[in-house]
2 protein chains.
Amino acid sequence: MLSKKTKYAFHALTYLGKHRDQGAILIQEISEKYGISHKFLENILLELKKAGFLGSKKGKGGGYYLIKAPTEIPLSKVIRLLDGPIALLPCVSLNYYEPCEECESQERCGLNKVMIKVRDETLKILEMRTLQDILEGE
Amino acid sequence: MLSKKTKYAFHALTYLGKHRDQGAILIQEISEKYGISHKFLENILLELKKAGFLGSKKGKGGGYYLIKAPTEIPLSKVIRLLDGPIALLPCVSLNYYEPCEECESQERCGLNKVMIKVRDETLKILEMRTLQDILEGE
DNA sequence: CAATAAGTCTATATATTTTGTAGGTTTTAT
DNA sequence: ATAAAACCTACAAAATATATAGACTTATTG
C-alpha cells in the first residue's frame, strides 16, 4: 500500500494539474480541498519541489505550480520519491538495493529470481502511467 | 515492500517445497537455515497452516509439511495472508476495501481509476506466479 | 505411564516507521 | 513597514512491524 504521504502527493499533483492556468496555488487551498493537515502537506510539496516536479513562489501571492507536463510525471517517480522502493524485496531493488542477510547466494535464490520478474513487470506499469492518466480520469 | 514476515513465509514455503519427500520438518531446522527467530517463525507457520497451505504434526517426530502442490500456491495469496492488501490504495482493494475520507466521489476520482488499472495488472502477475516458480529458480 | 519433544495459543514487549506538530526564518507584494 | 506566504529543522505522537514469554496440548518412546 502507498503511504498517506504518497497518496496526498498524488492529490496535490492532480489539483495543481487541473489548475495549471491559474498561476501559484496556496498550500492551504489544497489542504482544505482534501482535508490534509497544512503542515504535513507543506513537507510533501517541498519534496515534490526539490525533486523538480513543482515550482514555487514565496510571499504574498505565492504558492505552488507544476513545472513539468503531466505526461512527464510517471507514477513510479512519485512513489519512489515519497515511499521509497517499488520492488518487493531490498535484494531486487534497483534504487534501494540491499542484500538479504539470510541469503547465502543471491544467484541461487529462487525467491530473488521471481521477484526480479515481478519488479520488472510492475515497473512497466508504473513507469508507463503518468499524472496525465489521473487527470484524464477526473 | 514485503514485510519480513512475508519474506520469511516465502523462505519457509520454499524450504518445505524442496523437502516435500522428507515428511515433517522442524520449525527449528527452517529457523536455523535462514537465521529467523524460532518464535517468530512459529507464528508465521501457524498462519500458513490455518490458511491451508501447510499441515503439521505435534509431538516427537513432528513438524510442518506442504499440503498443497507448489503450483497451487500463488504469490498473491501468500502476500495477502501475511501483508494484507496488494492494491496501492484502500479504495481500490478487492479484499480490504475502504473508501477514502477525503474523496467526494470515487466515481469521479482519477487517482482511483488509475489505481484500479495498476491493481488489475499487478494482480495478473502475482496470481500467475507460484511457489513452483520460486522452486524452479533454486 | 512417565519423560520428552514438538506444535498451539494468547498476551505482551520492543523497535521502527509513519503521521502530524511547533515554531522560527526568509522572501515578496503592497 | 507590514503582512502573507513558502522554507526549514526538529520533535512528538500514533501506528505498525518485529520479536519474546510462558503456559498448554498432543504424540512418541522407553
Side-chain angles (χ1 to χ4, degrees), chain A residues 1-9 11-12 16 22-32 34-51 53-67 79 81-85 88-90 96 98 100-102, chain B residues 1-9 11-12 16 22-32 34-51 53-67 79 81-85 88-90 96 98 100-102:
Chain A
M1 295 275 271
L2 298 179
S3 66
K4 288 196 176 181
K5 221 167 158 179
T6 303
K7 183 169 73 160
Y8 293 162
H11 281 321
L16 293 173
Q22 293 172 29
I25 305 284
L26 293 180
I27 294 178
Q28 183 151 357
E29 190 174 332
I30 303 171
S31 79
E32 280 175 2
Y34 294 102
I36 306 168
S37 137
H38 180 109
K39 279 291 191 179
F40 195 38
L41 184 58
E42 200 178 284
N43 294 329
I44 296 166
L45 292 175
L46 213 45
E47 283 198 74
L48 289 169
K49 183 195 168 185
K50 286 179 181 163
F53 298 118
L54 304 182
S56 68
K57 212 187 144 196
K58 282 184 173 184
K60 195 165 183 183
Y64 281 95
Y65 45 89
L66 266 191
I67 57 173
I79 293 174
L81 178 66
L82 295 150
D83 258 7
L88 292 182
L89 293 177
Y96 302 84
E98 270 183 62
C100 291
E101 287 176 14
E102 74 274 18
Chain B
M1 296 275 270
L2 298 180
S3 65
K4 288 195 177 182
K5 220 167 157 179
T6 302
K7 183 170 72 159
Y8 293 162
H11 281 321
L16 292 173
Q22 293 172 29
I25 305 284
L26 292 181
I27 294 177
Q28 183 150 357
E29 189 173 335
I30 303 172
S31 77
E32 279 174 3
Y34 295 101
I36 307 168
S37 135
H38 180 110
K39 278 292 191 180
F40 195 39
L41 184 59
E42 200 177 284
N43 294 327
I44 295 166
L45 292 174
L46 212 45
E47 282 197 73
L48 289 168
K49 184 195 168 182
K50 285 178 182 164
F53 299 118
L54 303 183
S56 68
K57 210 187 145 197
K58 284 185 173 181
K60 195 165 185 182
Y64 283 94
Y65 45 89
L66 267 189
I67 57 173
I79 294 174
L81 177 67
L82 295 150
D83 258 8
L88 293 181
L89 293 177
Y96 301 85
E98 270 183 62
C100 291
E101 288 175 12
E102 73 274 18

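These figures come from a predicted structure and were not determined experimentally. Proteins come first, then strands; the chains are lettered A, B, ... in the order of their sequence lines, and each starts at number 1.
Between K57(A) atom NZ and dA6(D) atom C1' there is a gap of 12 Å when expressed in whole angstrom units. When the C1' atom of dC9(C) is taken as reference, atom NE2 of H38(B) falls 13 Å away, rounded to whole Å. The distance between atom CG of L26(A) and atom C1' of dT28(C), rounded to the nearest whole Å, is 14 Å. Rounded to whole angstrom, the span from the NZ atom of K5(B) across to the P atom of dA15(C) amounts to 19 Å.
For K39(B), taking side-chain heavy atoms from C-beta onward, the closest of the listed nucleotides dT20(D), dA6(D), dC8(D) is dT20(D). The side chain of E42(A) sits closest to dG23(C) out of dT28(C), dT8(C), dG23(C). Each of dT8(C), dT18(D), dT21(C) was ranked by its minimum atom distance to the side chain of L46(B); first place goes to dT8(C). Relative to the side chain of F40(B), the nucleotides dA6(C), dC9(C), dA19(D) differ in distance, and dA19(D) lies closest.
Among the heavy atoms of the strands, none lies under 4.0 Å from L45(A).
By the 4.0 Å N-to-carboxylate-O rule, K50(A) lies too far from E47(A) to be salt-bridged with it.
For dA15(D), the OP1/OP2 oxygens have no side-chain nitrogen or oxygen of K4(A) closer than 4.0 Å. Close to dT8(C), at under 4.0 Å from its OP1 or OP2, lies a side-chain N or O of S56(B). Under 4.0 angstrom from either OP1 or OP2 of dT18(D) there lies no side-chain N or O belonging to S37(B).
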